[in-house]
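Let me begin by presenting the structure, written as structure tokens, before commenting on it.
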Amino acid sequence: MADILARLAPIRFGPELLGDLAAAERREWWLGNGRGAYAAGAAALDLTRRYHGLLIAPVDPPLGRVLVLGKADATVTVGGVSYPLFTNRWADGAVAPEGYRALTEFRLDGTVPVWRFRCGAAIVEHRIWLEPGVDTVYLAWKLEGEVDGEPWLGVAFLANGRDHHGETWEPGFNPEIAAQDAGLTVAVPGRFTLRIGGSGGHVEPRGDWYENFALPVEHERGLGDRDAHRHVADGYAPLAAGRWVGYAAGLGADVSADLDAALARRLAHDRAVLEQAIAADPVFATAPGWVLRLVLAADLYRIARPLPDVPDGRSVIAGYPWFGDWGRDTMIALPGLCLATGRFDEARLILETFGRFVDGGMLPNVFPGAGDVPEYNTVDAALWYIEAWRAYIAATGDDAALRRAWPVLQSVIAGYTRGTRYGIAVDPADGLVRAGEPGVQLTWMDAKVGDWVVTPRIGKPVEINALWYNALVAMAALAARVGRDSAAYSAAAGKAKAGFARFLRPEGQGLYDVVDGPDGHDSSLRPNQIFAVSLPASPLDPTHQAAVVEACAPLATPFGLRSLGPDEPGYCGVFTGGVRERDGAYHQGTVWAWLLGPWALASYRVGGDAAAAQALLAGIAPHLCDAGLGQVSEVFDGDPPHTPRGCPAQAWSVACIVEAWWTLERAKRQSANPAPAD
């Protein structure tokens, strides 16, 4: 059988791109280990973000991630000539060394980044990968071709101990560095011990600092753009043609430097991700390579999230590098990350893990860390939670889990009906949910700078009430499954549906974004109305559904929907600048990739052509070779050429596209092979 990894859409660059430093830096690789640790960097093998590093691990669990190992700068000596296989940018503007100029190829093998360098008459291949489930990174080099003399590999290890969001304070990082057998330990008593082991040669302790790294992406974001790392060790090893040589660096009690076995485990893990999706639903057996890339990408976000009473708890990282696990993002992403890909047990564990934090009918916006207090400033997360349960039950028929969760699901509807935090309550006059108070951002359009809430949306937001109606319809059906009375949910759904007619704009112009706001109805053209069509239960008739899709057409791009119409006051077509400028543009025209899935589903509902709707998703395929490689960015500029921005790897961006493709592919096949009539 052919290797399933060979079916992935290729991500490969040659010297024509790699020789352009800006282009090579724009392409970033991202690796995860399934427990919150990650590694990341640029194809040029230099640092452009404070978040770039070889091991960023949850030293302060459950998700207090620390930059432990920053770089491993390799130099190969062949025929008496030394070739740097890395690049560094410095604060004075210098780029030295310029190892990227020796690159002949960069590609992804599954999730594993692979570099090939021309070193005189020889080629040196370099790979980096993380051990699944363990906080260990592997760094391997292999010489190809016969060379004169005795070729050597030298590696300078640069470590750190700062929070991955923070900036280095040099006096605060004074580790105890000690040689140990064929390796070395870098210990910060009471916090972590980094162990470095080699597959040959020896490792020598060091202790000096490499200062004034320039971080151009942080400069662009208006943040601190300098960093320093401690030079903790140098490794030296002989090279032999055709044999991997390198190191393992990790936080476990022991690290194995068996590179061949470790690489085989990593690639086997990647294959298993794809094979599980195909086993769960054969539609993936013939999926395009770009879709399989996204199925593999989904694995980056699913993580272990143990709780004292839930040792096997699971969660979702909303995006890399700076997001943690968020309630709204997790529930929106869950169907694409877990249900489409056959991860049913993980889906249940995520739902049950988050269910323990439902309070007053609300799901936390930010999932709490150790000792943290949950933040409940979101009006939609709990409604997406019900939709995630509906999707889980539809996929699995797991009524036993539904019975256990039923009191929590009931509490959501009860909380919204009687009223809960931040003015969230059902208006008995029309059956719609109102929400919001001055100074608080509750919907997914939640940018806030100081006291400035950029899109407050106080009143009755359209997508919240589409979600509310969908939740009531779902609860009626779920109640019937577990033998509960569904009449109250059906009655409330009927009232909400009648009340939803208040969102209809005159002359078939789609829907108001908010009704009953402080200044009346908000007629701004925003994408939020698309959920009144894309969710399983729509409160609109087919004519009004079509009007919504037509109204949203000016928002559509190949990468998602703009958050504000380009002809609207306040539209901002470029997402750049410092924090205030970027947050001010976040929902004012910036394109959001996660909306591409609902856009395609709504288009199918209106047009009935699954293949045409699926084609709307394919515009994302070229993007997989840009920004976060094999991933989908959080946002894009509203104006062409729609430059990718924000997080280079975003869970709901990946998940909503996978979910929509999967749903539409099943619809295509069902249409081609309809079930026989009774």
Side-chain angles (χ1 to χ4, degrees), residues 5 8 11-12 25 27-59 63 65-72 74 86 106-115 125-141 160 164 194 244 246-252 255 259 262-274 293-304 316-324 337 624-625 627-633 647-651 653-654:
L5 297 181
L8 294 168
I11 295 178
R12 179 192 175 279
E25 288 178 329
R27 275 75 182 175
E28 298 176 86
W29 51 272
W30 294 86
L31 298 170
N33 73 343
R35 60 180 310 274
Y38 69 91
L45 279 167
D46 62 341
L47 304 174
T48 67
R49 300 180 185 270
R50 65 182 62 189
Y51 300 96
H52 280 169
L54 297 176
L55 185 59
I56 298 95
V59 169
L63 208 59
R65 289 170 288 184
V66 171
L67 175 62
V68 174
L69 184 63
K71 295 198 81 187
F86 65 100
F106 172 91
R107 72 179 191 275
L108 291 185
D109 183 7
T111 59
V112 176
V114 181
W115 294 262
E125 183 168 300
H126 174 38
R127 293 186 176 223
I128 299 172
W129 66 93
L130 290 180
E131 180 78 26
V134 180
D135 294 336
T136 297
V137 63
Y138 285 89
L139 314 160
W141 294 263
N160 212 313
H164 73 144
L194 174 67
W244 288 113
Y247 301 88
L251 301 184
V255 292
L259 301 175
L263 180 57
R265 289 193 300 273
R266 177 72 246 184
L267 294 177
H269 175 89
D270 291 349
R271 291 186 189 96
V273 169
L274 298 172
R293 270 284 173 201
L294 292 183
V295 170
L296 184 57
D299 190 56
L300 180 65
Y301 306 99
R302 300 182 296 249
I303 66 162
V316 169
I317 295 292
Y320 289 88
W322 49 77
F323 286 122
L337 295 185
L624 303 185
C625 290
L629 298 173
Q631 298 289 339
V632 182
S633 295
C647 278
Q650 192 79 359
S653 297
V654 170

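FYI, side chains are in, hydrogens and waters are out, and symmetry mates aren't considered; it's all heavy atoms of this structure. All values derive from a computational prediction rather than experimental measurement.
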TODO: With rounding to the nearest 0.5 Å, note down the distance linking CG in Leu54 to CG in Leu31.
DONE: 9.5 Å
Task: Flag, side chain of Asp270 to backbone of Thr111, donor-acceptor distance under 3.5 Å - done: yes
Open item on the list: Does Leu294 form a side chain to side chain contact (heavy atoms under 4.5 Å, CB included) with Leu624? I'd like the steps, not just the answer.
Closed with: CA-CA 9 Å; Leu294 292 183; Leu624 303 185; 3.7 Å; yes
Open item on the list: Is it the case that the side chain of Tyr301 and the backbone of Gly319 share a donor-acceptor pair, with hydrogens and angles ignored and the cut-off at 3.5 Å?
Closed with: no
- [ ] To the nearest 0.5 Å, tell me how far Leu69 CG sits from Thr136 OG1.
- [x] 11.0 Å
Open item on the list: Using a 3.5 Å distance criterion without hydrogens, assess whether the side chain of Trp115 forms a donor-acceptor pair with backbone atoms of Ala43.
Closed with: yes
Open item on the list: Any non-hydrogen side-chain atom of Val137 less than 4.5 Å from a side-chain atom of Asn33?
Closed with: no
Open item on the list: Going by ring-ring contact (aromatic ring centres under 6.0 Å, His included), Tyr138 matches just one of Trp244, Tyr247, Trp129. Which one?
Closed with: Trp129
TODO: Evaluate the side chain to side chain contact (heavy atoms under 4.5 Å, CB included) criterion for residues His126 and Leu45: first the C-alpha distance (whole Å), next the side-chain angles of each, then the deciding distance (0.1 Å), finally the verdict.
DONE: CA-CA 11 Å; His126 174 38; Leu45 279 167; 4.2 Å; yes
Open item on the list: Can a donor-acceptor pair be found, under 3.5 Å and without considering hydrogens, that links the side chain of Arg302 to the backbone of Ile317?
Closed with: no
- [ ] May I ask you to decide if Leu130's main-chain N or O and Arg266's side chain share a donor-acceptor pair within less than 3.5 Å?
- [x] yes
Open item on the list: With side chain to side chain contact (heavy atoms under 4.5 Å, CB included) as the criterion, how do Arg27 and Phe106 come out once you've worked through the C-alpha distance, each side chain's angles and the decisive distance to 0.1 Å?
Closed with: CA-CA 10 Å; Arg27 275 75 182 175; Phe106 172 91; 6.0 Å; no
Task: Tyr320 side chain near Tyr51 side chain, heavy-atom distance below 4.5 Å - done: no
Task: Verdict with reasoning, His52 to Glu28, per side chain to side chain contact (heavy atoms under 4.5 Å, CB included) - done: CA-CA 9 Å; His52 280 169; Glu28 298 176 86; 2.7 Å; yes
Task: Close side-chain approach of Val654 to Leu300, heavy-atom, < 4.5 Å - done: no
